[in-house]
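Reviewing the structure listed below.
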Protein chains: 2
Amino acid sequence: MTVTTERDALEAARSAFRLELLDAGLLIATSSPGVYGRSATFERILTGLDAVLTDMAAPLNATAVRFPPVYPRADFERTDYIASFPDLSGVVSSFEAGDREHRELLGARERGEAWDGWLSPADVVLTNAICHPLYATLEGVLPADDQVFDVFGYGFRHEPSLDPMRLQSFRMHEFVYVGTPQGAQEYRDTWLDVAQATLASLGLPITAVAANDPFFGRAGRMLVSAQLRENLKIELTVPIYGDLHEGTAIASANCQREHLTAAFGIRTPDGEVAHASCVAFGMERTTLALLRTHGLDVATWPAEVRGLLGL
Amino acid sequence: MTVTTERDALEAARSAFRLELLDAGLLIATSSPGVYGRSATFERILTGLDAVLTDMAAPLNATAVRFPPVYPRADFERTDYIASFPDLSGVVSSFEAGDREHRELLGARERGEAWDGWLSPADVVLTNAICHPLYATLEGVLPADDQVFDVFGYGFRHEPSLDPMRLQSFRMHEFVYVGTPQGAQEYRDTWLDVAQATLASLGLPITAVAANDPFFGRAGRMLVSAQLRENLKIELTVPIYGDLHEGTAIASANCQREHLTAAFGIRTPDGEVAHASCVAFGMERTTLALLRTHGLDVATWPAEVRGLLGL
């Protein structure tokens with residue numbers, strides 16, 4: 001096949017999977033690509049998966065923290081997200097003026113004109129990755145050489161797509177290590193293996209591949225090659241569209257080194273900048289990978305998998 | 001006390017409650033007022049409460065749907081939210097231009113200037129109430145005379161505050177009736193009583209009061225008086241700050257009549273515009289009301305309440 005027909009075939013496969021999920025009632029369409037309602041069955045799978053991940057992580061004795069889907073703009077500004085991933089960001093604004101400006105806004109809207117000009121930046125942005133709000137809460141010296149956090153919540157990526165594996169708003173479960181440079185590297189390596197084994201136990205055909213973040217633009221291409229060269233990010237992928245695609249990441253294990261810990265002034269008791277690493281699971285993506293692998297009717301899934309997921 | 005000193009005393013009581021929650025580690029502060037991390041203990045209470053509400057609603061045989069914290073801007077535009085509650089809205093924008101504009105944005109940011117001007121409106125807004133995304137999915141003729149939906153998820157209100165009872169981003173569990181006018185009114189009345197009894201069973205000193213939505217501005221004041229006159233919204237309140245405040249709403253029962261169903265073209269099988277009503281629980285507010293009522297140490301709560309919540 002030529003490149004064009006291969007790409008068309010992949011788009012067709014994505015559309016077909018999306019329609020199957022909608023027809024089965026597992027996802028409920030909205031008017032925005034990548035924004036869906038989830039059915040009770042979808043949530044039962046996701047909840048079962050979450051219990052498996054929580055059991056997996058029990059030896060970590062992690063401190064659980066839950067953050068909402070928005071976080072402070074002041075903290076967002078301390079990261080380089082708007083430099084590296086401007087196209088994925090979700091910046092929030094609201095109306096902070098008076099009656100007169102509100103009448104003007106409504107007048108513009110009535111005439112079918114843009115009305116965003118009457119809004120002001122809010123003090124929050126959409127949480128891009130659920131570990132980002134964590135770092136600001138750790139500013140200063142850590143109470144011990146290292147600590148592991150269990151974070152769960154909604155992430156946002158502005159990338160409208162008809163591929164059901166690519167949502168704009170999705171849940172992530174992350175287990176984040178903050179501590180010494182050596183500890184961060186070891187944690188990444190150990191928990192990459194554990195994550196792979198856990199997902200494989202659910203019958204998912206997992207491959208671990210060196211990966212990069214989707215840095216923006218011309219300057220971003222250099223960051224991509226550096227990240228790949230240093231082997232900092234490993235993704236766990238599952239084939240979703242057969243030979244048409246190399247597989248979709250459902251989880252990843254990353255060594256961030258001092259990238260965010262330096263930005264938020266997080267130090268180990270010996271005064272050095274802390275290093276961080278994490279293992280992160282895409283909850284919707286993994287749920288969809290289970291549905292793609294075992295079929296859309298949960299009753300026909302392998303008994304062992306249903307047992308593990310409590311289904 | 002004069003009005004000013006009463007207001008000062010109330011603000012002091014709110015700050016004190018906030019500090020107690022932070023000191024106990026139940027909430028984790030961020031740099032934005034009304035945006036917090038939640039501890040494992042906080043989440044255990046909230047999860048237990050959610051199980052109680054799910055049991056309460058079992059006779060409804062509700063269809064469960066879960067929506068993410070953002071929903072389509074096109075659907076938001078079909079409601080009158082930006083007319084009625086502009087100050088509470090959360091409108092999302094992102095970067096959709098190229099390398100050159102991105103360099104300009106980063107240059108402005110480097111100089112400490114505003115950089116929002118380089119962003120474009122995204123196709124989503126923050127979900128203001130978790131039932132709003134539902135209505136767009138019901139457009140057309142209902143399959144039966146009436147149906148009840150169980151929706152749970154994050155709502156957003158742009159109202160930064162140091163009162164821990166007033167969060168910007170919070171979870172809601174709503175049970176929404178869509179059907180006939182008479183059915184909507186009866187549902188509201190019946191489930192107001194059930195909700196009140198359920199919350200009272202958890203030891204909360206509940207009062208039901210006629211209430212209004214916080215409509216914006218001069219025009220909004222007329223909407224407030226109409227809503228109160230027709231007794232459409234009833235809030236279930238709990239005293240949080242003693243005599244300093246009349247009590248904070250933790251749940252409400254509302255008859256929306258055809259307000260949103262007309263906007264989304266939802267009809268009953270006989271061709272009439274459907275009516276809607278709902279009973280809605282603020283998950284964080286109810287959790288905080290439990291902590292305020294029974295104390296910050298869950299181990300000392302009444303055994304019966306702990307039993308019901310599975311704590």
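Since the structure is predicted, the reported quantities are computational estimates derived from the model, not experimental observations. Letters A, B, ... are given to chains in the order of the sequence lines, protein chains preceding strands, and every chain is numbered from 1.
Contacts between residues 167-175 of chain B and chain A, defined by a heavy-atom separation under 4.5 Å, are made by B:Gln168, B:Ser169. Contacts between residues 157-166 of chain B and chain A, counted as heavy-atom pairs separated by less than 4.5 Å, involve B:His158, B:Pro160. Along residues 37-44 of chain B, the residues that come nearer than 4.5 angstrom to chain A, judged on non-hydrogen atoms, are B:Gly37, B:Arg38, B:Ser39, B:Ala40, B:Glu43 in order of number.
Under the 30°/60° scheme for interplanar angles, the aromatic rings of A:Tyr81 and A:His132 are found to stand perpendicular. The aromatic rings of A:Phe76 and B:Trp115 sit tilted relative to each other, their planes meeting at an angle between 30° and 60°.
Between the B:Thr30 side chain and the B:Val35 main chain, a donor and an acceptor come within less than 3.5 Å of each other. The main-chain N or O of B:Arg218 is found under 3.5 Å from a side-chain atom of A:Asp99 such that the two form a donor-acceptor pair. Of the possible polar contacts, one joining the A:Thr127 side chain to the A:Pro69 backbone as a donor-acceptor pair under 3.5 Å is found. With hydrogens and angles ignored, the 3.5 Å screen pairs no side-chain donor or acceptor of A:Ser31 with any backbone N or O of B:Pro72.
Proximity to chain A (any heavy atom under 4.5 Å) is shown, for B:Trp118, by neither the backbone nor the side chain. In this structure, chain A has no heavy atom under 4.5 Å from any part of B:Ala136. Only the side chain of A:Tyr154 comes within contact range of chain B, with heavy atoms under 4.5 Å apart. Contact annotation for B:Ala114: neither backbone nor side-chain heavy atoms come within less than 4.5 Å of a heavy atom of chain A.
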Intermediate values then yes/no, ring-ring contact (aromatic ring centres under 6.0 Å, His included), A:Tyr177 and A:Phe149:
CA-CA 7 Å; A:Tyr177 171 97; A:Phe149 296 90; 9.9 Å; no

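Side-chain contact check for A:Arg18 and A:Tyr36: at least one donor-acceptor pair (N or O, by modelled atom type) lies under 3.5 Å. In the model, A:Asp87 has no side-chain atom that pairs as donor or acceptor with a side-chain atom of B:His102 under 3.5 Å.
From A:Tyr135, atom OH reaches atom CG of A:Asp75 across 13.0 Å, with rounding to the nearest 0.5 Å.
Within the structure, salt bridge (Lys or Arg N to Asp or Glu O under 4.0 Å) pairs that include any residue of residues 48-58 of chain A do not occur (at least two apart or interchain).
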